[in-house]
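As structure tokens, the structure follows; a few thoughts come after it.
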Amino acid sequence: MKTRSFVWRAVYMCMAAVMACVLNVSCSSDDPVLPEPTPNPDNGEVAFEITNDSGTGTGTSTSPAEVSKGDTLNMVISQKSSYTDSDGSVFECEPKATIELFARLDTVYVDDLTKLTNVQAEPEVQSSKSGQNPVINEITQKFLIGDQDINFDLAYEVYNYTTVDGKTVEMPYVKLNQAALGGSGTTDASDPTARSETVMKSITVKPLPQTRASISDTTWYEVNATFNLEIECMNAKTENKQKLTFSVTYLGAVTTEIELGEASGKLSTTIEALDGTNSVSSPYIVNPKEQMSLLFRQNSSYIDAYGNKMVCEPQARINLFAQYDTVYVSKLEELEVTPASQDFVFTESGEDPVLYSTVQLFKLGIQMIQLDMSYETYTAIDVENNEITMPYLKQNATMPGAVTVNEISTATGAKADTTFYNVKFPITLETVDVGTPDENIQTIELVVSYIGAIVTWKEEPELVKVEYRTGYVWEEAHDNLPLLYYAHVFRDRYYSNGEVITDTFVDAGHPADVIASVNTRLDEYPKNYPSEGTYFYEIENNQQDYIEYKAGDVFENDSVRIIHCSATISGNPADSKTDLLDGERNGVPGDWDSYLVSKLYDSSLNLETDLQVNTQYPSSSRESGWYFQNLTYGSILYIFLPNDMKDIFTSDLNVNQYDQYLSIDGKRIDFTEYYPERENKFSTESISGGIRYTHECIVKFMGRNFYSSCVMDVTQR
């Protein structure tokens with residue numbers, strides 16, 4: 001196949017024009033007008049290469065060609081175009097296409113944010129042609145975005161060729177279509193908002209003194225406009241269309257005058273009766289044999305002097321119940337006693353929110369009314385970096401009322417008659433909105449209802465036997481309460497008349513915590529969530545080495561906590577040493593006199609009898625009630641640097657559980673049969689470039705499984 005060069009073909013065409021005056025092909029403006037070329041894509045091919053020397057990005061949707069602030073993008077599309085003539089010869093040329101893109105202003109100053117994003121419906125477009133071979137097609141587009149002009153200057157060349165049979169054909173070329181606002185994936189050209197993105201980077205507000213005068217507030221924005229432009233291979237037998245994506249970025253500044261006001265807090269509260277009440281508003285009445293639970297859902301907001309609004313949703317909660325469903329007495333006066341209450345003090349736990357909780361007990365003869373109260377507080381940071389306590393509802397005070405007794409029915413028996421009464425005990429709860437201008441003090445009336453029974457014996461029965469049984473009940477975590485268990489002791493009293501009366505004693509709820517923490521060289525103490533960063537330390541000859549830490553993931557729920565983390569060192573992890581310490585901390589089980597008071601009962605609950613009551617239970621001289629001890633079973637693993645006493649990781653696993661006993665009838669009813677079954681494990685395995693250390697603690701406690709572990713990967717750089 002013979003290949004003609006562009007120069008040879010030009011000479012041929014000039015000679016043909018002089019001799020035959022049939023074809024007129026010339027590069028001068030004085031030549032006659034050539035006939036309109038005819039495309040013939042079946043014989044044409046074009047290949048192109050895009051270069052973007054002045055900017056970054058390839059022009060795809062994932063890597064748009066970016067125009068730096070104050071610069072002009074110059075993109076060149078270099079082409080190799082060929083046409084195969086009927087005699088088998090090939091004509092070649094190299095047309096070019098160019099794209100210039102720039103923003104007129106580096107920074108746009110406006111007084112309204114919308115002026116940064118308003119887009120003129122249609123861009124201004126001018127097009128022209130010049131030259132003959134090649135013909136240069138030029139398109140100038142101006143997009144107006146507020147006060148900003150973004151300009152596209154497009155140009156592409158088209159060559160013509162005269163075939164051996166005298167026809168003029170248009171050579172294959174890359175055509176530039178007009179640009180459109182939006183990314184290459186955008187299909188709706190009428191929606192300018194989908195093609196322009198304004199991203200807020202920073203807000204600068206300089207506080208003035210407390211005079212609260214007007215100040216000038218300038219908000220800076222990084223304005224990013226995205227465009228797409230379609231390129232198309234024309235007159236080629238292989239169709240090829242693709243879109244190029246361009247990104248233009250500049251600064252926008254919105255300057256306004258603002259008037260500073262006074263900071264203020266606001267709080268609204270909705271009370272939900274979750275269970276155990278037959279009224280939906282004050283007074284809330286506890287049904288007999290049930291526990292009432294009220295949830296105070298709050299919407300808390302705080303507006304600082306600059307108009308910034310912070311919001312949160314703290315909760316408060318109360319639980320109210322009688323410890324005995326039915327109280328058996330011998331006289332009516334024993335049901336109409338004046339209630340006595342214990343003082344209460346809130347204790348705090350957790351961080352943001354901080355949970356404050358307390359228990360208050362009201363004693364009515366042998367009956368004990370328990371009121372559990374809790375509330376949450378949140379903090380926020382204002383623009384002046386001050387820590388703000390958000391408004392919240394607090395349980396402020398309680399006032400007990402007088403007991404009322406109403407007869408329900410009488411049951412007649414062969415040996416005793418029992419008269420039942422509905423006993424009602426009112427409590428007034430005072431709440432206060434903390435952090436609001438008016439504090440909004442409110443009172444809510446709560447009524448505990450239980451059954452009182454007066455037993456009149458026709459023939460006084462004799463207590464012949466007493467037995468004790470132990471048990472427990474788990475309460476799953478809900479609202480702002482953790483996973484809890486309640487220890488139970490059942491006292492069965494057997495009488496000579498065949499009657500069996502069971503007294504139930506319930507301890508306060510205790511959590512069962514799963515604790516796993518990691519200490520790195522970056523930390524002063526073990527942390528619940530691993531640290532991340534680089535720790536530098538000195539080695540011989542005043543040189544430095546370092547450990548690089550990665551935090552990894554943490555998985556946790558009420559019964560499981562798993563920490564993943566890693567470290568990279570210079571030495572071989574296979575040379576590292578480990579040290580595993582195991583033991584009991586924070587209390588010794590069986591040191592009964594050191595156990596703390598959980599709750600106390602009136603001494604009248606003790607049985608006065610000379611019976612040999614369950615001799616397997618040892619004697620106790622402590623007051624009647626529940627006592628508990630915190631037992632933390634700990635296991636610590638140290639992982640050291642190779643040939644060095646400096647540790648890389650310290651894994652600290654703890655199972656934080658409680659032991660308790662009931663002192664009643666001069667006996668100690670303990671729960672030693674429920675002590676946790678604990679297993680600590682430590683293993684290593686090879687991984688790519690290092691070793692994985694796995695430190696585990698598996699516990700079975702009161703019918704539940706608990707698991708904690710730290711997985712630490714140590715690799716060599």
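Numbers here are sequence positions counted from 1.
Counting only heavy atoms from C-beta outward, the side chains of Glu92 and Lys80 never approach each other to under 4.5 Å. Counting only heavy atoms from C-beta outward, the side chains of Asn519 and Lys527 never approach each other to under 4.5 Å. At least one side-chain heavy atom of His478 sits less than 4.5 Å from a side-chain heavy atom of Arg317. The shortest distance between side-chain heavy atoms of Gln242 and Ile231 falls below 4.5 Å. In this structure, Ile547 and Thr568 have side chains that are not in contact, with every pair of non-hydrogen atoms separated by 4.5 Å or more. Side-chain contact check for Tyr537 versus Lys646: some heavy-atom pair is nearer than 4.5 Å.
Two rings, from Phe649 and Tyr549, have their centers less than 6.0 Å apart. Ring centroids of Tyr392 and Tyr378 are separated by 6.0 Å or more, keeping the two rings apart.
Ile381 and Met310 make their closest contact through O-SD, 3.8 Å (heavy atoms, listed as atom of the first residue, atom of the second, distance). Heavy atoms only, all atoms of each residue included: Ala155 and Leu176 are closest at O-CD1, 3.6 Å. Closest of all the heavy-atom pairs between Cys710 and Ala516 is SG-CB, 4.3 Å. Here the closest non-hydrogen pair linking Pro95 and Ser81 is CD-CB, 3.9 Å. Taking each heavy atom of Pro573 and Ile691 in turn, the nearest pair found is O-CD1, 3.6 Å. Residues Val311 and Ser301 come closest through the heavy atom pair CG1-CB, 4.0 Å.
Surrounding CG of Asn240 are more than 12 heavy atoms belonging to other residues, nucleotides or ligands, all under 6.0 Å away. Within 6.0 Å of the CD atom in Glu313, the count of heavy atoms belonging to other residues, nucleotides or ligands does not exceed 12.
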*Would you sort out whether Asn528 and Ser517 count as a side-chain hydrogen bond (donor to acceptor under 3.5 Å, both in side chains), showing the intermediate values?*
CA-CA 5 Å; Asn528 289 334; Ser517 57; 5.2 Å; no
*When you look at Tyr161 and Phe91, which way does the ring pair (Phe, Tyr, Trp, His ring centres under 6.0 Å) test go after all the steps?*
CA-CA 8 Å; Tyr161 164 67; Phe91 175 67; 4.7 Å; yes
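The aromatic rings of Tyr173 and Tyr156 lie parallel to each other, their planes meeting at an angle below 30°, with 60° marking the opposite boundary. Between Phe536 and Tyr546, the ring-plane angle classifies as tilted under the 30° and 60° cut-offs. The aromatic rings of Phe246 and Phe152 lie perpendicular to each other, with more than 60° between the two planes, well past the 30° mark.
Asp523 and Thr520 share a side-chain donor-acceptor pair at under 3.5 Å. Checking Thr245 against Asn228 by side-chain atom types alone, no donor-acceptor pair falls below 3.5 Å. No side-chain donor-acceptor contact under 3.5 Å links Tyr83 and Glu170. A donor-acceptor pair shorter than 3.5 Å can be found between the side chains of Ser247 and Asn224.
Atom CD of Glu376 and atom NZ of Lys394 lie 15.5 Å apart (nearest 0.5 Å).
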